[in-house]
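Worksheet: one structure, shown below.
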Amino acid sequence: MCLGFNKKMNVQKTLIDWYLGNKRDLPWRNTTNPYYIWLSEIILQQTQVAQGLPYYTSFVTNYPSVFDLASANESEVLKLWQGLGYYSRARNLHASAQYIANDLNGEFPKSFSEIIKLKGVGDYTASAIASICFKEKTAVVDGNVYRFLSRYYGITTPINTGKGFKEFKAMAQDLIKTVDPATFNQAIMEFGARQCKPKSPECTVCPFNADCAAFINNEIDNLPVKLKTLKVKKKFFNYIVILSQDNKTMLEQRTGKGIWQNLYQFPLIESNKPADYETILQEVEMLDYVKSETLELSLYNTTDIIHKLSHQHLYTKFWIATVNTDLPEGIPFKKADTFPVPILIGNFIESFNF
DNA sequence: AAATCGGGGAA
DNA sequence: TTCCCAGATTT
């Protein structure tokens with residue numbers, strides 16, 4: 001798409017003027033240190049500012065430099081990340097920190113094409129870092145950018161397709177050509193987040209309402225267009241919380257490919273339908289560290305806890321298995337909350353209060 | 001291209 | 001409920 005020169009200038013200026021008058025004071029806006037910008041951008045992937053903010057503060061405090069992050073162990077990083085979700089971000093962040101510290105002598109890569117090679121860094125994040133830290137004219141395309149551009153120009157191409165990405169990237173790239181890229185990128189995102197919101201955008205006081213295609217044509221609620229593919233699977237999780245005579249329980253690390261990789265959990269019995277007491281009892285008796293003749297099993301939560309993820313609903317029961325024996329391989333109850341665990345487990349540990 | 005990966009906020 | 005969030009990676 002080729003935009004008229006004057007109209008384009010006006011869009012750039014309006015966005016930047018709005019930003020300078022309305023931007024939030026956020027900690028990562030007071031630095032251009034690529035380590036901190038990188039940290040903030042990874043944390044903010046698919047995450048609202050309000051949710052990510054305390055994690056950013058925590059990571060900056062615990063790991064003031066890339067060397068501090070690199071020398072931490074992965075479980076410690078995952079523990080700090082606990083509750084934020086998408087844990088591959090934490091694993092990739094840690095791995096990339098080690099790469100930067102050890103292979104690049106702590107020197108952060110300085111161009112889009114080098115930055116995007118880092119694990120966990122895609123087009124959006126590389127554009128953000130390159131523009132904010134190194135003034136490179138690479139336009140960001142995130143959810144906010146899709147929304148503003150699709151509405152203002154009335155673009156109906158689905159945003160979650162390869163064609164959509166290329167079209168919106170080209171449009172944003174065209175807009176960023178002649179302006180300060182760091183300010184422009186943050187302006188268009190902030191505008192999408194606070195003014196051109198997904199629901200109930202502030203159109204009556206919007207500086208673009210005179211020539212916004214979606215507003216003029218009453219299409220605000222229909223843009224951007226997104227193809228929906230979601231099909232949610234149901235799973236049934238049974239967590240076995242062992243209480244031993246020597247005040248220990250069992251935690252295992254998830255090593256498989258799926259969700260919560262490398263996080264910890266109680267021994268899990270998964271089934272494709274709701275499990276009954278007898279079935280669980282038999283399964284628990286077969287666990288090699290449980291002595292069957294001393295086992296007492298009871299259901300902790302009478303109604304399933306339904307933990308909702310994007311692609312699956314986990315119907316969860318916590319079973320308390322009390323044994324009259326010691327648990328040499330176990331961990332003390334009191335230390336359960338020092339392990340990185342999914343929030344589903346974390347909530348249980350907190351409520352159970354060992 | 002489609003599926004997968006979390007958890008919380010907003011309406 | 002439903003949709004979305006300063007997306008990236010794997011299949």
Side-chain angles (χ1 to χ4, degrees), chain A residues 19 23-24 26-29 37-56 78 81-93 95-96 115-129 131-132 139-148 158-166 168-169 172 182 184-194 196-201 221-233 235 254 256-263 306-314 340-347:
Chain A
Y19 177 65
K23 68 172 183 174
R24 290 167 285 185
L26 300 170
W28 49 85
R29 288 190 173 147
I37 298 299
W38 172 53
L39 209 47
S40 74
E41 293 299 344
I42 301 296
I43 287 172
L44 291 173
Q45 285 170 4
Q46 291 293 286
T47 303
Q48 296 187 342
V49 167
Q51 188 188 2
L53 193 49
Y55 288 85
Y56 175 80
L78 286 171
W81 200 270
Q82 181 176 310
L84 198 55
Y86 286 154
Y87 295 91
S88 66
R89 292 184 292 171
R91 298 192 303 270
N92 287 333
L93 185 75
S96 292
I115 296 168
I116 202 171
K117 292 177 183 170
L118 298 173
K119 282 185 181 179
V121 173
D123 190 282
Y124 163 77
T125 304
S127 299
I129 299 171
S131 62
I132 294 170
V140 293
V141 178
D142 74 335
N144 297 306
V145 176
Y146 279 126
R147 190 166 51 252
F148 169 68
I159 60 173
N160 53 341
T161 60
K163 184 171 180 287
F165 171 74
K166 286 167 78 174
F168 284 93
K169 176 81 180 184
F184 175 81
N185 273 341
Q186 297 186 77
I188 192 170
M189 289 192 285
E190 187 83 339
F191 188 83
R194 313 241 303 166
C196 196
K197 297 180 292 184
K199 289 177 182 174
S200 309
D221 291 335
N222 301 324
L223 291 171
V225 174
K226 195 171 187 179
L227 301 178
K228 52 186 65 175
T229 57
L230 191 72
K231 43 179 179 183
V232 178
K233 291 178 189 167
K235 288 185 176 175
R254 292 179 68 94
K257 276 231 150 196
I259 55 170
W260 301 329
Q261 188 181 110
N262 294 8
L263 273 66
I306 306 175
H307 189 71
K308 294 179 178 176
L309 308 178
S310 306
H311 288 76
Q312 44 190 326
H313 289 353
L314 309 178
V341 297
I343 206 68
L344 174 62
I345 304 289
N347 288 342

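Because the structure is predicted, anything quoted here is derived from the model rather than measured. Worth knowing before you read on, the calculation uses all heavy atoms, side chains too, and leaves out hydrogens, waters and symmetry mates. Convention: sequence-line order gives letters A, B, ...; per-chain numbering from 1.
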Contacts of [X] that satisfy ring-ring contact (aromatic ring centres under 6.0 Å, His included) - sequence neighbours left out:
X      : answer
A/F168 : A/Y146
A/Y86  : none
A/F191 : A/W18, A/F148, A/F208

- Going 5' to 3' on DNA chain C, which nucleotide is the first and which the last to come under 4.0 Å of a heavy atom in chain A? C/dT1 to C/dT11
Side chain to side chain contact (heavy atoms under 4.5 Å, CB included) partners for [X], two or more places apart:
X      : result
A/I343 : A/H307, A/N347
A/L53  : A/P27, A/W28
A/P201 : A/R151, A/C203, A/I220
A/K197 : A/E202

What's touching nucleotides 8-11 of chain B from the protein side, N or O pairs under 3.5 Å?
{"unit_1": "B/dG9", "atom_1": "O4'", "unit_2": "A/Q48", "atom_2": "OE1", "d": "3.3"}

- Message: Tell me which residues in residues 116-124 of chain A lie within less than 4.0 Å of DNA chain B, going by non-hydrogen atoms.
- Response: none
Anything under 3.5 Å between a protein N or O and an N or O of nucleotides 2-4 of chain B, put it in a table, one pair a line.
{"unit_1": "B/dT4", "atom_1": "OP1", "unit_2": "A/K233", "atom_2": "NZ", "d": "3.1"}

- Could you tell me which residues satisfy side-chain hydrogen bond (donor to acceptor under 3.5 Å, both in side chains) with A/S96, sequence neighbours excluded, listed by chain and number?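 side-chain hydrogen bond (donor to acceptor under 3.5 Å, both in side chains) check on A/S96 returns nothing, list empty.
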